[in-house]
Amino acid sequence: MTRVAVIGNAGGGKSTLSRAICAAHGLSYTEIDRLLWQPGWVATPEADFNRAHERLVTQLRWLIDGYGPWETLLARLDAADTTVFVDHPLPVHLWWATKRQFTSILFGRADGPDGCPMLPVTMKLYRMIWWLHREMRPKLVAALAERRQTKRVIHIRSPNELNAFAKNPV
């Protein structure tokens with residue numbers, strides 16, 4: 001594992017898993033949300049995001065966590081040697097995202113975009129989780145199926161699978 005894309009819906013444990021993979025394999029860690037958003041939930045200009053993303057995926061060793069625009073996701077999947085797809089049942093994503101929202105309100109969120117408070121975007125988050133599950137998940141499953149012959153795809157379908165892989169991310 002030298003170029004790893006970690007993808008899946010919000011509230012699935014991707015960031016925690018990503019940190020475990022990075023520690024085990026000595027990879028740099030980038031969250032797509034930190035590239036997409038500037039303080040106050042201001043979107044990064046598309047050209048700036050695309051340049052930053054291109055610089056990342058051309059490096060020799062990396063882990064990139066998150067969706068981002070579909071075309072850049074496809075480029076990331078093509079550049080990655082390994083994709084980890086965190087794909088819990090929808091209620092798990094919703095419940096874990098809810099817990100994260102409450103925790104971030106009380107203690108802040110160290111792994112979110114800088115200067116982007118979570119409370120104001122809670123309803124948008126729930127709509128996004130639903131949309132990603134209903135609309136984007138089938139497209140992602142198809143995109144991963146197209147790459148399975150040439151890329152390693154790890155499909156995590158439950159919290160137990162997530163925990164087991166985080167303990168031994170090989």
**Prompt:** Are M123 and L132 connected, step by step, through hydrophobic side chains (Ile, Leu, Val, Met, Phe, Trp, Tyr) whose heavy atoms are closer than 4.5 Å?
**Reply:**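 Yes, it is one cluster - the side chains of M123 and L132 are joined through contacts under 4.5 Å.
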
**Item:** Joint cluster assignment, W95 & L162, ILVMFWY side-chain distance < 4.5 Å
**Value:**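 Yes, same cluster.
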
**Request:** Among residues two or more places apart or on two chains, list those pairs meeting ring pair (Phe, Tyr, Trp, His ring centres under 6.0 Å) that have a residue in residues 139-162.
**Result:** F85-H155

Once ring pair (Phe, Tyr, Trp, His ring centres under 6.0 Å) is applied, do any residues pair with [X], and if so which ones, sequence neighbours excluded?
X	value
F165	none
H25	none
W96	H88

**Message:** Checking R152 now: which residues fulfil side chain to side chain donor-acceptor pair (under 3.5 Å) with it, not counting sequence neighbours?
**Reply:**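 Counting only residues at least two positions away or on another chain, R152 forms no side chain to side chain donor-acceptor pair (under 3.5 Å).
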
**All side-chain contact (heavy atoms from CB on, under 4.5 Å) counterparts of E46, not counting sequence neighbours** = N50

**Fill in**
Residues passing the side-chain contact (heavy atoms from CB on, under 4.5 Å) test with A10, sequence neighbours excluded, are R100, L125, M128, I129

**Asked** Which pairs pass salt bridge (charged side-chain N to carboxylate O under 4.0 Å, His left out) with one or both residues in residues 48-61, sequence neighbours excluded?
**Response**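 Of all non-adjacent pairs touching residues 48-61, those that pass salt bridge (charged side-chain N to carboxylate O under 4.0 Å, His left out) are D48-R51.
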
**Prompt:** Applying salt bridge (charged side-chain N to carboxylate O under 4.0 Å, His left out), which residue pairs with at least one partner in residues 35-45 are found, sequence neighbours left out?
**Reply:**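 Residue pairs passing salt bridge (charged side-chain N to carboxylate O under 4.0 Å, His left out), neighbours aside: none found.
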
**Request:** Go through W62 and L56 one step at a time and tell me if the side-chain contact (heavy atoms from CB on, under 4.5 Å) criterion holds.
**Result:** CA-CA 7 Å; W62 48 261; L56 284 170; 5.6 Å; no

**Asked** Does the K14 side chain pair with the main chain of I7, one donor and one acceptor, at a distance under 3.5 Å?
**Response**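 Here the side-chain-to-backbone pair does not exist.
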
**Item:** Shortest non-hydrogen contact from P45 toward Q38
**Value:**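 Between these two residues, the closest heavy atoms are CD-NE2, 3.4 Å.
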
**Prompt:** Between A20 and P169, which heavy-atom pair has the shortest distance, and what is it?
**Reply:** O-CG, 3.8 Å

**Message:** So V86 and N9, do their side chains get closer than 4.5 Å, heavy atoms only?
**Reply:** no

**4.5 Å side-chain heavy-atom contact, T83 and V4** = no

**Pairs meeting criterion side-chain hydrogen bond (donor to acceptor under 3.5 Å, both in side chains) with involvement of residues 125-137, two or more places apart** =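 Sorted pair list: D87-R137, T98-Y126.
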
**Item:** Residue pairs fulfilling side-chain hydrogen bond (donor to acceptor under 3.5 Å, both in side chains) with at least one residue in residues 160-170, sequence neighbours excluded
**Value:**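 Sorted pair list comes back empty.
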
Expected list for residues 63-81: side-chain donor-acceptor pairs under 3.5 angstrom, two or more places apart:
| unit_1 | atom_1 | unit_2 | atom_2 | d |
| --- | --- | --- | --- | --- |
| D65 | OD2 | S15 | OG | 3.1 |
| D65 | OD2 | Y29 | OH | 2.7 |
| T72 | OG1 | P69 | O | 2.7 |
| R76 | NE | H53 | NE2 | 3.0 |
| R76 | NH1 | G66 | O | 2.6 |
| R76 | NH1 | Y67 | O | 3.2 |
| R76 | NH2 | H53 | NE2 | 3.4 |
| R76 | NH2 | Y67 | O | 2.8 |
| D78 | OD1 | R147 | NE | 2.7 |
| D78 | OD1 | R147 | NH2 | 3.1 |
| D81 | OD2 | T2 | N | 3.0 |
| D81 | OD2 | T2 | OG1 | 2.6 |
| D81 | OD2 | R3 | N | 3.0 |

**Message:** Using side-chain contact (heavy atoms from CB on, under 4.5 Å), reason through I21 and T82 one step at a time and then give a plain yes or no.
**Reply:** CA-CA 11 Å; I21 295 169; T82 304; over 6 Å; no

